Every structure is written in C-alpha cells, then in structure tokens.
Protein chains: 2
Amino acid sequence: MSADGLLSRRRFLHLVGAVGGSTAVYQAALGLGLTPQVQPMRRPDLAPLARAGSKSVVILGAGIAGLTAAYELSRKGYEVTVLEASHRVGGRNLTVRGGDLVDEIGQPQICRFDRDPDLYFNAGPARIPGHHASLLSYCREFGVQLAPFVNDNRNAWVQDDSMLGGQRIRNREYMADARGFMAELMAKSLKAEQLDRPFTATDHGRLLEFLRQFGELDPQFRYRSATRAGLVSYDYTQPEPHRTPIDFKELLQSRFMYLMSFGEADDQAAMMMEPVGGMDRIVAGFMSKISSLVQTRAIVQSVRLQENGVEIVYARNDSKRTIHADFCLNSIPTQLLAGLEHNFPADYSGCFSAIPRGKLFKIGLQARERFWEREGIYGGISWTMQDILQIWYPAHGIHRDKGILLGAYTFDDASGDRFARLTHAQRVELALQQGEKVHPGYREHIENGISICWHRMNHMLGCSAQWDESLQSQWFKRAQAPIGNHYLIGDQVSYHPGWQEGAIHSAFHAISDIDRRVRGMATVVAA
Amino acid sequence: MSADGLLSRRRFLHLVGAVGGSTAVYQAALGLGLTPQVQPMRRPDLAPLARAGSKSVVILGAGIAGLTAAYELSRKGYEVTVLEASHRVGGRNLTVRGGDLVDEIGQPQICRFDRDPDLYFNAGPARIPGHHASLLSYCREFGVQLAPFVNDNRNAWVQDDSMLGGQRIRNREYMADARGFMAELMAKSLKAEQLDRPFTATDHGRLLEFLRQFGELDPQFRYRSATRAGLVSYDYTQPEPHRTPIDFKELLQSRFMYLMSFGEADDQAAMMMEPVGGMDRIVAGFMSKISSLVQTRAIVQSVRLQENGVEIVYARNDSKRTIHADFCLNSIPTQLLAGLEHNFPADYSGCFSAIPRGKLFKIGLQARERFWEREGIYGGISWTMQDILQIWYPAHGIHRDKGILLGAYTFDDASGDRFARLTHAQRVELALQQGEKVHPGYREHIENGISICWHRMNHMLGCSAQWDESLQSQWFKRAQAPIGNHYLIGDQVSYHPGWQEGAIHSAFHAISDIDRRVRGMATVVAA
C-alpha cells in the first residue's frame, strides 16, 4: 500500500467522522480493510462567541452533565446560569462525610462518621474505568488525583445459603474450584471428532491446553486441587500441603454464577480507578472554575419554550424569579419534569413519565477497626445472596484504625423497595444482621451507618433511567433532539445511564449542537 | 454439637498448633469435621533476654530476612550486628531512583531518571498479595503506606507475532473472545448423557448456565459478540454498534494461553498492593529502627563454626576484622557462600552450589509523557511474545507528565542470558525495538532507561533459588536446620523463594529456634 493510498483512506475516514461520528469511522475502516482503532468520543472544541455574553444559557441541575455544559459554554463566552434544586451540587455524584445532610424525603439524616480524610462513602458513582476518557480528561484538567479501585478480590468472601450450608468461602476457592471442575468436564467431553471443520487435530490439542491452563488441570486433564484456590496455610517454612477441593455439586448449588463474571464486564473489569478523597473531588474540580454561576436551592417551577429561547420560573429564598435565556439545558430527572408546568408538546413530554428509574440502594458503615484487613482483605467486594448483596472494603487508608465499609449495595427493584420501606435504623440493623454471615462478629465492629435510597432522595426520586430497546426505539431520538432551544441532558439521555461518562456525553451532544446553531448551521440532530 | 464439644476441639487444635504448626492444625481440623480457617504464620513472640546484651548474633546480609531477624532479636535484648557487603541495604528489595548506583559487575550504572517522588522503579519485588500477612504486619508497624497494585488490565495490550499477523489487540478482546468461543464449543459438546453420575439433568442445566455466563453466550449458547470485549466506540450518544469477534482460529494460534491465567495465581490474583513511593519504603521502615546495627560495605571472607558460637572474618574500609557471636544468621546467597572460607561439613555445604538461581531481568524506562494513559491504560501489564515479555504501567502518579515504565521483565533463563550478554545501551535499544510492536512510536516517548540483570549484580550473582522437588527432598531440611549455632536464612531457605514473605518466614523460623535454645529447650528443627 502506498503512502498516498494510506493518506487518502485516512482523509476519507476523517470526513466520515465529521459527518457520522466515531462509530461510522469504525465501520468504514472495517469496510476499507483497515484495522480500526477504537476512539472515544472527543471533547467538543466549541467556537468562542464573537461577543462574550451575547448568548445566554440556563442549565437546570448541577449534576455532572450540567456542570460539564456550564464549564464548556462559559469558557467560550456564553452567559451561563445553573439552577440546582438541592442544597448541594453534584447530583448523584455524592460523597458522604461526617456532618453531611442526606436529604431523603420524610427522613433526612445527618451522617455521623468521624471527620477524617479517609472516612467517606461514595453513595453514587464510585469507580471509573480507563476508557471513560471524557471524565478522565476532566480529572486531568482539574488535577483530581486518581488511585486504582478494586472490584475483584480473590481474598474476599462468597456466601450463599444454598451452597455449603451457608458457610462463607474465599472468592479464590470458589473461582478456582468451579473453573477447575468445569475444565475437567469439558476436557473429557471435548472430542476431536466433534469439532466441526475448520478445526484440526492441532486445534483440538490447543483447546485442551487452553482448558488445562484455564482450570489448572493435571497432565491427565483432571482437576485435583489448584494452587490458585489458596494454600491450606501460609507458612512458607513448610512444604505446601494438599488442599481438598470443594465438592462440585455444592458449587453448582450456588446462585452466584452470573455474579462471578461481574469483574469481566466492560465497565467493571480491572483496571478501575477512584478519585483520592472521594468521587466528589470531580465536582469540586468543576466548581473551582464555575462556582459563581451556580445557584443552589433554586427550585424550578415552570419551563416554557419561547420563540427564540426558553423561560424558566423558579423559587429561591422564598421568592419567585423568572429567567429568560437563549438556550436551556435541562437535566431535571424526567419523572420530576413530568410534574412541572411546561408547554412542551405531548409527543415530547410523553417520554418524561415513560422511562422508569432505578431503585439503587447503598449503606455506608463506619467500622471502629479495619477487621477485614486481619482477614487478608484490603479492598474489593464480598458477595452474599442476601438483601445486602455486597460488602465493599476501602482500598484507601490501609492499616489506619477506622474505615468505611459499603454495607449493602442493591440494584434490583425488589431489594430497593424492601429497604425503602424501612427506617434508617432498621436498614442498618438489617445490614448488620446479614453481614454477620460474611463476617462473624460484624456488629461489634460497626460504630454507625448511613443509608442512601436513591428513589426517596429529595430532588431525585429515582436513580438512573432504565431504558430498554422498546423504549429506546420509541423515545430516545426524540428525547435527545432539541425542541426549540431546549435540550434534555444528563445520563438519562445517553446510551450509558448510571455512569458519569454517559452524562458528560449527553452534555457534549447538546453543546455541540448549540455551537453549530450559533455558528449559523442547522442542528444535525433529527428527532 | 455442645459448646463443650467445640471448646475441647478448639483446645485440641491449639495443642496441635503448638507442636506441628498451622498446617497440622488445618489437617487436624479437617479430620475433626470442622471447617478449617486458614491461618497465616504468626510473628514469633520471642522471650526478652533476662540480661540485655547477654547473647550476641551476627547477621550476614541486610536483605528482608536479615533486617527482620535483626529487628526482632535486637528489641528483645540480643546484641545484633548486621554485615552487608553492598553499598546499600535491602538486598533484592531495590527501588531505583535518579542518581542511584546499580552495581552490576563489569558495568555499573548511574540511574538517570529525573528526581521526583513518582519516578522510581521497583527492580526486585514490586507487589504484595493480601495474604502475605507477615510482610504486611511490618508495613502496618512501620507506617508504610500501601496502595492497590494492578496486574491484570483488560485495557492493556496483547501482542503475539503468531496471532493476527502480530497486530496488537486489547486484553479484553483476547479474553472475552477466547472465553466466548470456548464456552460455545463446550456447551455444544457437553451432553447430559455424557455426565457421569452423580450429575443430574438439573446439574447439566446449571453447567450450561455457567457456560453462558462464563462466555457471555446468547440464549442459544452461541458466541456472537461479548460486550465484555469492549465497544467499537465509546460514544454514549449513539447506540452500541455490533463488534465483530476475532476469528477463533487466530486466537488459537497465540502462545499466550498460559499467560492469560497469570492473574489467577495465588500470589498474583487481585487484590495486590504496593508501598506508596517504592518497595524500599519497607527497608526504610526497618532501618528507622535498627540502622545503628548495620554495617554496609562489610564483605565477609570466612564463616567458622566454633564450640559455642560462630566466628566471622570480614573486610571493611580496607581493614580485616573478626567478630565472634553466639549465633550467626546467614542470608548470603548460597552460590556465593560456596566460595567463602568455612569449616562446614560437606553434607551441609554441599547444598550451597547445588541450588540453581534464577536469572530474572528488568528494565525501567523513563517516559517524557504518559502516552499509555491516552490509550486508556492506567496501570497493569501488556504482554508480548518477544524477549521483553511484559510492559508494566505505573498506577501511581496518574495524569502527571512523566512516568517510569517497566520495559522488560523476563523470568526464563534463556531470556536472562540473552539480555546479560548485552551492554546497558543495547538492552535498552532492544526494549525500544520490541516495545514498538505494542506501542507504535514508543521510542519517541522514552528519555532514558536502566537495566537490572540480577545474575550479574554485585554481591548477588543470581536471583531467587530455584528449588525443585528432587532438590528439596535432598537438601531442604538440611539447609533449614541449624548447624551448630549457624542458621541459613533468606527466601533461599523457604518454600516461597522470590517473595519477601518467604524471606521473613525463614527469619521467623531461625529466631524462634534461637529463642527456644536460649530458653534452654532443644532445637525442634531436625535436619
């Protein structure tokens, strides 16, 4: 291939990208026989306004989407106002520390953690994968220090009442024995003659070798005992004694099989990261640039489309105020937006109440001593088939006296509803009872706790939007497109709800479109 | 079971432990039908000497074993002298920073890294698993700050000339596609009637479900494309387009299969840790307690057993000195010990030259920019089937300007010898050439490099002892037992050579025995 040939293909791909985005580039590259490199979405490079302040934007909600839009637009000369209903900024990016108000409707709480740099709890997003490039670019720009975050910890516990009579085992035992037995069975049943062409006898040998490695099988492809499952004692002055594998029939009783692939997921597989000092260091980064633009406790009452802009009425400090702006970027959760005064047509506002919201629930527990470290656990997650589902251990503040555990993290609606019906004290009590199966003596280590029930939180009443394919085909493009000069933003109008990266991309999408329109071009977003 | 029954079993286990160690406890517990809890080796609680300084110990070598013994004995009143041949303490616990001498025989180097807290390179041990409880107890005691260390990073690269024409792919593509295709094949070949009893039809269904989860198969147990393998673009304003899996025949060509289970190993599986600021923070912790006891550049010339002690002759500052001590703990690498004057009987000294040593090799490279972070890589390891084998990315100092890469890490003798025959400049050049296949443009990012060839390092001439079962049965007990008042220590006389935990346990073993003898009991260690 000549250099010219390469150049013209690249130029072609560049043109494709300008029109169709990165997915189109990828698919065009495949069509050209080139090796496509995955490119993350680029941060938009907006044109600065010719006259600073000549365009105004009102942004509803100071979560990650709103903060992103406010930062990007304001530094290009837009006049930006951010209205946030809550007493705090950040939205679901919420790090709870001692003294903080957790504003649950009906039962607000004050967190009783000790005041200490390591004693906090990320009640919303808590981890960042390496391919969330937009979010990471802000971390870099704002100097938010990052450290590795651990999901999988083979030293952590697995506990399921339907397996081994409910006895906890180490994650490494579960994983190594389950994989070992599976590999042995598969090696037995995988006959060379069963393999369809194009597989050859050589391939069959390679597959068997793969199974041997995968399951740590012996030379006869039998699973006897894996060193990966851990030693029976960690005394290196003695030869390693033989460990007895767990009965495979017992392992098959467990209901963890899907959870055991959790750490393989695109957005959960190592390496994950977390900001040092709490996820809200990212919010603080944005605020260091634009705090003067943000009004908290500003509760929107109506949103009205106008000929060449948007009018917002909101209440603040017991007074009603009206603001007109050329554009409005609106991250109010759609289920709350449905109850506001507005003049949206029904084929737009219909989506507000159509999209269900998640009911995620978390509990933070302050431990008076880091007892898990004595068990060889320095981070990661223990799994239990009880309501609490997970216990997370902090990977920061190692070997300090105290630490904050995540004492429960549930995603399914049933568990969310179950916890929602309890008082805070009852929720913590349930977490202590259930945690006892994972850590005998658990209760004695815990000093206090705080719960976050996202579908009862003030100004939220729900966690991330729960799109399915049918809802997407019915509503997504309509929700994503502007109506007049009004744009819905937030992770709720991304294909990645529940992640800050989705929120940021939604903001990029809207501000790029505003940029084009301000420069006299048509919106490229069709509903 | 009555409480009494439990109690007496526990008491029995306690007695077993006192005599036979933790392995005996584990096996006795199994025999009793109890669930054994794995217990790490306990740090010995030595009896303080009735009269401080009444017993003297000379310790040869200030590596982790020697430092451990010196610390534990000196705080119980023993008079301790540590003789270290090198200009520095720590042994193979070596963190290299700008300005440091790397004392390779024939070609000493000075490291040219910039002086900066994040610009260092752990040339020896670089990671600590959570079950290395002894080492971790010293980290806790000395206030050595720990952070997570990442081995597996699904965003890192896999490159093998025998696969895909040498094109790099993401670790997540390799893992997800290989597992997906394997799971599909296995689901096809796993017929219910093939399963021996006691497996039932229900079990067969569970196995299939395990395979579905394991391989991310579709409802018909076919592997089409796993989201775990990554998206074709990370633009969350667009629906996720379909990714095309890599041809399984190509994956089967790869020689990585065994390496792809690397992150499952007992001592490598997540969660791993590293000291903040370099592994030698642990050495500094010991030295903060006992630096006055240590003489560097003290080169031992002879070791002689005496009636009630040991006599050491050593050279320091151009003079020859003699020291007598009641006990000697000797961590001099056995292959060097073989060349010293001594009066050991042949059935003891025979092991000195019998145990081969590893030829591990590492290169540290200073990058002028952290280009890997632009590729979504923030730590972990890329694998290549070239001499360099691995490229490691630092998980500390994220988003800073510069960083230190591990540009090569080889374990096998052939690779070690290949690098050993090159000058430093040639080694770095080879690493740059080969790294180019993993990171196009690699060379342009690298400012300088430094290589550590453990089998050419002064006062070392080898890395960890390479025991096999035959050597163990012939020599291990003999090497571990005292001869007169002389003990071999170091990871070289542990069942876990190459790890600091093995070194520490060897020290615990020897000092516990000295403690027993000083208290008038017989040695419990039989050769």
Side-chain angles (χ1 to χ4, degrees), chain A residues 21-23 26 35 38 40-41 130-131 140 146-148 150 152-155 167 172 186 189-190 194 203 206 209-210 213-214 227-228 230 232-241 252 257-258 261 264-266 269-271 273 376-380 395 398-399 494-496 501-502 505 509, chain B residues 21-23 26 35 38 40-41 130-131 140 146-148 150 152-155 167 172 186 189-190 194 203 206 209-210 213-214 227-228 230 232-241 252 257-258 261 264-266 269-271 273 376-380 395 398-399 494-496 501-502 505 509:
Chain A
S22 51
T23 303
Y26 182 91
T35 305
V38 174
M41 193 187 201
H131 54 267
R140 173 195 276 265
L146 296 167
V150 176
D152 271 340
N153 185 347
R154 296 295 170 91
N155 274 359
Q167 176 196 323
R172 68 172 71 241
M186 294 186 288
S189 62
L190 193 70
Q194 286 182 326
D203 291 333
R206 289 197 178 113
E209 197 46 44
F210 179 98
Q213 298 299 336
F214 171 68
T227 60
R228 291 174 198 161
V232 304
S233 82
Y234 286 97
D235 175 352
Y236 296 130
T237 65
Q238 301 182 52
E240 290 174 10
L252 280 177
M257 292 185 174
Y258 80 96
S261 290
E264 302 289 325
D266 184 40
M271 176 183 163
M273 287 172 277
I377 302 172
Y378 288 85
I398 288 171
H399 285 158
S494 82
Y495 286 93
H496 213 49
E501 188 78 357
H505 286 191
H509 188 267
Chain B
S22 51
T23 303
Y26 182 91
T35 305
V38 174
M41 192 185 203
H131 53 266
R140 173 195 276 265
L146 296 167
V150 176
D152 271 340
N153 184 347
R154 296 294 169 92
N155 274 359
Q167 176 196 323
R172 66 171 72 241
M186 295 186 288
S189 63
L190 193 69
Q194 286 182 328
D203 292 333
R206 288 197 177 114
E209 197 48 42
F210 179 98
Q213 298 299 337
F214 171 67
T227 60
R228 289 173 199 163
V232 303
S233 84
Y234 286 97
D235 175 351
Y236 295 130
T237 64
Q238 301 182 51
E240 290 173 9
L252 280 177
M257 292 187 175
Y258 79 97
S261 291
E264 302 290 325
D266 185 40
M271 175 183 165
M273 288 172 278
I377 302 173
Y378 288 84
I398 287 171
H399 284 159
S494 82
Y495 285 92
H496 213 50
E501 187 77 358
H505 286 190
H509 188 267

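We name chains A, B, ... by the order of the sequence lines, and we start the count at 1 in each one. What you see is a predicted model, and the numbers here were worked out from it, not measured in a lab.
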*Asks:* So what's closer than 4.5 Å to chain B heavy atoms on A:T227: side chain, backbone, both or neither?
*Replies:*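 Backbone only.
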*Asks:* For B:Y236, is there any backbone N or O sitting under 3.5 Å from a side-chain donor or acceptor partner on A:H496?
*Replies:* no
*Asks:* I'd like to know which of A:E209, A:E264, A:M186, A:M273 tops the heavy-atom pair count under 4.5 Å against chain B.
*Replies:*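 Option with the top pair count is A:E264.
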*Asks:* Looking only at non-hydrogen atoms, find the nearest pair between A:Y234 and B:H131 and report the distance.
*Replies:*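 So the two residues come closest at CE2-CD2, 3.1 Å.
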*Asks:* Which pair of heavy atoms, one from A:N153 and one from B:M271, lies closest together, and at what distance?
*Replies:*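 Distance-wise, the nearest heavy atoms are OD1-N, 3.3 Å.
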*Asks:* Report the option among A:I398, A:L252, A:I377, A:N155 that has the most heavy-atom pairs separated by less than 4.5 Å from atoms of chain B.
*Replies:* A:L252
*Asks:* CZ/A:R140 to CG/A:L146 distance, rounded to the nearest 0.5 angstrom?
*Replies:* 10.5 Å
*Asks:* Of all of B:G379, B:A147, B:G380, which one pairs up most often with chain A through heavy atoms under 4.5 Å apart?
*Replies:*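 It is B:G379.
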*Asks:* So which heavy atom on B:F214 is nearest to which on A:S261, and how close?
*Replies:*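 Scanning both residues completely, I find the closest heavy atoms to be CA-OG, 4.0 Å.
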*Asks:* With a 4.5 Å cut-off on heavy-atom pairs, point out which of A:G230, A:P148, A:G376 contacts chain B the most.
*Replies:*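 Looking at each option in turn, the highest pair count goes to A:P148.
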*Asks:* Let me know if A:R172 has heavy atoms under 4.5 Å from chain B in its side chain, its backbone, both or neither.
*Replies:* side chain
*Asks:* Measure the spacing between CD of B:E501 and OG of B:S494 and express it to the nearest 0.5 Å.
*Replies:* 9.5 Å
*Asks:* In terms of heavy-atom proximity below 4.5 Å to chain B, should A:A265 be classed as side chain, backbone, both, or neither?
*Replies:* backbone
